[in-house]
There are 4 protein chains.
Amino acid sequence: MRKAPSQSRSKATVEAIVEAATRILSDLGWAGFTTNKVAEAAGVSIGSYYQYFPDKLSLIEAIRQRHLDDCLGTMRTAGEGGKPPAQLVEDLVGSIIAIHSHHPGLHRVLLDEAPSAETFRNPEDAFEKEYLACYRNWVAAYRGSRGGASDEAIAIILSDAIDGVVHNAARRGTLQSSAVKTELIRLVRAYMESS
Amino acid sequence: MRKAPSQSRSKATVEAIVEAATRILSDLGWAGFTTNKVAEAAGVSIGSYYQYFPDKLSLIEAIRQRHLDDCLGTMRTAGEGGKPPAQLVEDLVGSIIAIHSHHPGLHRVLLDEAPSAETFRNPEDAFEKEYLACYRNWVAAYRGSRGGASDEAIAIILSDAIDGVVHNAARRGTLQSSAVKTELIRLVRAYMESS
Amino acid sequence: MRKAPSQSRSKATVEAIVEAATRILSDLGWAGFTTNKVAEAAGVSIGSYYQYFPDKLSLIEAIRQRHLDDCLGTMRTAGEGGKPPAQLVEDLVGSIIAIHSHHPGLHRVLLDEAPSAETFRNPEDAFEKEYLACYRNWVAAYRGSRGGASDEAIAIILSDAIDGVVHNAARRGTLQSSAVKTELIRLVRAYMESS
Amino acid sequence: MRKAPSQSRSKATVEAIVEAATRILSDLGWAGFTTNKVAEAAGVSIGSYYQYFPDKLSLIEAIRQRHLDDCLGTMRTAGEGGKPPAQLVEDLVGSIIAIHSHHPGLHRVLLDEAPSAETFRNPEDAFEKEYLACYRNWVAAYRGSRGGASDEAIAIILSDAIDGVVHNAARRGTLQSSAVKTELIRLVRAYMESS
DNA sequence: GATGAATGAGTATTCATTCAT
DNA sequence: CATGAATGAATACTCATTCAT
């Protein structure tokens with residue numbers, strides 16, 4: 001972002017922009033997503049848009065970031081509190097599905113239409129590092145002292161498999177299907193308990 | 001595609017266009033991918049391009065289709081010939097990894113930058129149907145007569161999980177890592193053998 | 001220029017653009033000079049404009065270049081043919097005044113409003129080098145073997161003084177005044193004949 | 001200017017703005033010269049800027065005016081005190097060169113990039129009138145009662161020739177070269193003493 | 001008087017696509 | 001069939017200027 005909104009007036013402006021953008025992206029897709037249209041929908045002048053966002057991409061990134069923050073928040077809490085492993089899996093899967101259920105249309109656009117920044121799925125990225133660290137802790141807590149591959153290798157495979165199942169279900173609009181949740185849980189448990 | 005290339009000269013033209021497009025997409029990314037540039041790189045006039053492709057999207061789809069055909073081919077053969085289940089998994093995973101290793105740069109672009117047609121991951125799409133059917137057969141062959149979720153539900157989860165692991169590894173450039181293959185095999189086996 | 005106009009159709013296009021630009025610059029000044037307006041006035045689409053000119057500045061440069069070519073042409077011929085010095089001066093001054101009389105409004109805009117390229121009055125520039133060389137020859141032919149400053153130093157002062165007199169007269173619209181010509185000739189002769 | 005700064009605080013504000021503007025123009029050129037940037041560099045809000053300057057052009061004019069005032073000051077004193085003609089020329093040329101040596105980068109921008117007001121080199125303009133009057137007096141004092149063109153015609157030619165030599169030297173960065181000064185003096189003397 | 005958030009008209013430039021030759 | 005000159009709708013982004021606080 002070009003400039004941090006300090007006063008409450010500007011905070012509202014930024015909020016309105018992000019919300020309008022989410023709506024437009026959801027409803028019209030990437031093709032209908034123009035900075036002028038976003039500003040208008042937000043009830044804000046195009047000039048105000050560029051006070052806070054240096055360009056078009058940075059708005060997409062801001063939206064993506066909010067989603068990533070949600071995911072990270074879930075990961076941080078899902079591992080807390082010494083629950084039994086079975087519960088751990090159910091909570092994690094449930095949370096991730098819940099997060100991706102908020103704006104179903106948005107995810108398809110974000111995944112398949114909007115261009116991604118360089119940092120997307122880049123292991124050097126700060127978010128990716130912390131996200132993976134959460135998974136690593138979670139894996140360590142789950143598997144106990146069983147042998148085999150490193151926590152990190154398992155964390156990556158697990159994270160990517162869940163990512164694939166959840167995102168593709170979101171694309172198909174079947175994220176609410178109970179079968180998806182049940183089977184995903186079964187998948188995770190089976191993998192975690194294998195040798 | 002606008003018209004099927006019947007003569008051999010036409011076939012060569014189409015081939016040249018698709019190859020040039022693949023190269024440009026790989027090297028310059030979606031941003032550098034313009035129809036005029038593709039035509040020039042293919043040694044063809046822009047007018048000729050539009051003889052064979054009705055628009056820009058159809059070229060992307062043609063490229064994607066080649067990849068999907070590869071995947072389908074693998075799925076068709078991977079399930080053949082009454083191999084033992086353990087072998088079945090190894091062959092499948094190995095083939096999918098091999099397919100995605102051909103143009104590493106291209107996949108990242110296709111996944112994260114290029115827009116997808118409506119048919120992408122659409123269950124109504126002919127490719128999706130056949131692809132899923134392969135998985136279903138494969139699942140049926142593997143699991144035997146165990147109870148639980150339907151073959152279809154399992155096939156979808158499995159396909160999506162593999163998709164997630166393989167595509168994210170391709171994005172990171174770690175597709176050749178042996179840990180990816182080993183763990184992916186373990187994931188599939190564990191899931192297939194669970195209750 | 002982005003691309004040389006090879007066919008006669010495209011040559012006409014480029015010509016129409018440059019002419020329309022000259023007219024607009026002359027009539028509306030730099031403020032009214034937009035690429036879209038130029039294209040429209042030239043009876044050409046904005047797309048055609050950008051086939052031949054990479055940006056807005058390059059069109060200004062093209063116009064300036066034509067003027068510089070005129071000046072250079074004059075300098076090349078003004079020194080030819082062993083005329084007596086007195087005649088030399090009169091021909092030179094007359095030609096320069098004539099060149100600047102073609103589009104009186106244009107010069108004021110080009111000088112005082114339009115941005116100049118890096119090469120403007122840059123001694124490293126090819127045009128500047130050749131232009132100065134002409135002046136040097138001319139000075140050498142005029143002064144004979146008199147001592148004093150180098151031909152080059154004299155050429156620069158002379159060129160700059162003429163430049164100042166002619167351009168300021170053009171700005172004021174007094175270029176046609178016979179006093180300007182008479183006195184400029186007197187200035188040049190006096191300088192050339194001084195010790 | 002919108003209003004004369006009467007209090008000392010206001011004077012300081014105006015001063016800070018003009019100085020910041022000079023610096024920015026010098027360092028970043030006309031392209032980097034924006035009212036917001038100038039205000040920020042001056043440590044003043046953009047709102048305050050518009051208290052003192054009605055628009056952007058007036059700031060440029062203020063900067064130019066300071067330079068013109070310098071020139072006029074020089075002209076006023078250069079002609080005083082019954083010096084011998086030879087001394088007169090040397091003082092005049094020396095002063096003009098000195099004035100243009102203060103901000104070399106600024107002059108190139110002011111001459112070649114910044115747009116000029118309608119008053120620029122406009123004979124109706126008060127500055128132009130007074131400046132020319134100085135030159136006329138100076139010419140009259142120098143030439144004595146020799147015949148020929150009017151004092152005014154000579155004054156214009158002289159002023160423009162000096163303008164050309166000095167400004168072009170400033171553009172090239174050769175204003176400090178002693179040859180420029182020597183030859184310019186020689187040019188003026190030769191012209192004044194001819195016929 | 002001072003502030004700085006907000007404004008919005010204005011413009012250069014791209015690139016998929018057409019069609020006369 | 002091939003060519004490539006021409007098209008023009010569409011859009012990101014700037015920056016001088018205003019005015020509510």
Side-chain angles (χ1 to χ4, degrees), chain A residues 2-3 5-14 31-40 43-59, chain B residues 3 7 9-10 13 31-40 43-59, chain C residues 2-3 5-14 31-40 43-57 59, chain D residues 3 7 9-10 13 31-40 44-59:
Chain A
R2 185 170 284 190
K3 159 172 144 187
S6 53
Q7 303 182 8
S8 70
R9 185 162 47 137
S10 33
K11 262 193 194 120
T13 298
V14 169
F33 182 79
T34 53
T35 54
N36 284 284
K37 219 182 281 180
V38 166
E40 192 188 9
V44 158
S45 76
I46 183 65
S48 287
Y49 174 94
Y50 281 97
Q51 293 258 337
Y52 301 104
F53 298 91
D55 53 27
K56 190 183 185 178
L57 226 76
S58 65
L59 178 50
Chain B
K3 76 184 172 197
Q7 300 179 12
R9 181 159 54 130
S10 315
T13 300
F33 182 78
T34 66
T35 52
N36 284 281
K37 218 184 283 181
V38 167
E40 192 189 8
V44 164
S45 76
I46 183 66
S48 291
Y49 171 93
Y50 280 93
Q51 294 270 331
Y52 298 106
F53 297 89
D55 53 26
K56 190 184 186 178
L57 209 67
S58 63
L59 178 51
Chain C
R2 185 171 282 189
K3 160 171 143 188
S6 53
Q7 302 181 8
S8 70
R9 185 162 48 136
S10 33
K11 263 196 194 114
T13 299
V14 168
F33 182 79
T34 51
T35 54
N36 285 282
K37 219 181 283 179
V38 166
E40 192 188 11
V44 159
S45 76
I46 183 64
S48 287
Y49 174 93
Y50 281 97
Q51 294 258 338
Y52 301 105
F53 298 90
D55 53 27
K56 189 183 185 176
L57 225 77
L59 179 50
Chain D
K3 76 186 173 198
Q7 300 179 12
R9 183 159 53 130
S10 314
T13 300
F33 182 78
T34 66
T35 53
N36 284 280
K37 217 183 283 181
V38 167
E40 191 189 10
V44 163
S45 76
I46 182 67
S48 291
Y49 172 94
Y50 279 93
Q51 294 270 332
Y52 298 106
F53 297 89
D55 54 26
K56 190 184 186 178
L57 209 67
S58 64
L59 179 50

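These numbers were taken from a predicted model, which means no experiment stands behind them. In what follows, chains carry the letters A, B, and so on, assigned in the order in which the sequence lines appear, proteins first and then strands, with residues in each chain numbered from 1.
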Exercise. Can you name the side chain to side chain contact (heavy atoms under 4.5 Å, CB included) partners of C:Thr35, sequence neighbours left out?
Worked result: C:Ile46, C:Tyr49, C:Tyr50, C:Lys56

Problem set entry | Non-neighbouring partners of C:Asp55 that pass side-chain hydrogen bond (donor to acceptor under 3.5 Å, both in side chains), sequence neighbours left out | C:Ser58

Problem set entry | Annotated protein contacts, base or backbone, on nucleotides 8-13 of chain F with a non-hydrogen cut-off under 4.0 Å, one of B, S, - each | BB-SBB

Exercise. Do you know which two heavy atoms are closest between A:Gln51 and A:Lys3, and how far apart they sit?
Worked result: OE1-NZ, 2.7 Å

Problem set entry | Residues which pass side-chain hydrogen bond (donor to acceptor under 3.5 Å, both in side chains) with B:Ser48, listed by chain and number, not counting sequence neighbours | B:Ser45

Problem set entry | Residue met sooner reading DNA chain E from 5', once A:Ser10 and D:Thr13 are mapped to nucleotides | D:Thr13

Problem set entry | Short side-chain N/O contact to F:dA5 OP1/OP2 from C:Tyr52, under 4.0 Å | no

Problem set entry | D:Phe33: ring pair (Phe, Tyr, Trp, His ring centres under 6.0 Å) partners, not counting sequence neighbours | D:Trp30

Problem set entry | Pairing annotation in dot-bracket form, given for DNA chain F with Watson-Crick or G-U pairs under 3.5 Å and | for cross-strand partners | .||||||||||||||||||||

For this session: Check if the side chain of C:Gln51 and the base of F:dA5 share a donor-acceptor pair of N or O atoms closer than 3.5 Å.
Result: no

For this session: Could you pull out all residues at least two apart from A:Lys11 that satisfy side-chain hydrogen bond (donor to acceptor under 3.5 Å, both in side chains)?
Result: none

For this session: Could you state the atom-to-atom distance from CD of C:Glu40 to P of F:dA6 in whole Å?
Result: 18 Å

Problem set entry | d(CZ, A:Arg9; C1', E:dT7) in whole Å | 12 Å

Problem set entry | Rounded distance (nearest 0.5 Å) linking atom OH of C:Tyr52 with atom OG1 of C:Thr13 | 5.5 Å

For this session: Assign A:Lys3 to base, sugar-phosphate, or nothing according to its heavy-atom contacts below 4.0 angstrom with the strands shown.
Result: sugar-phosphate

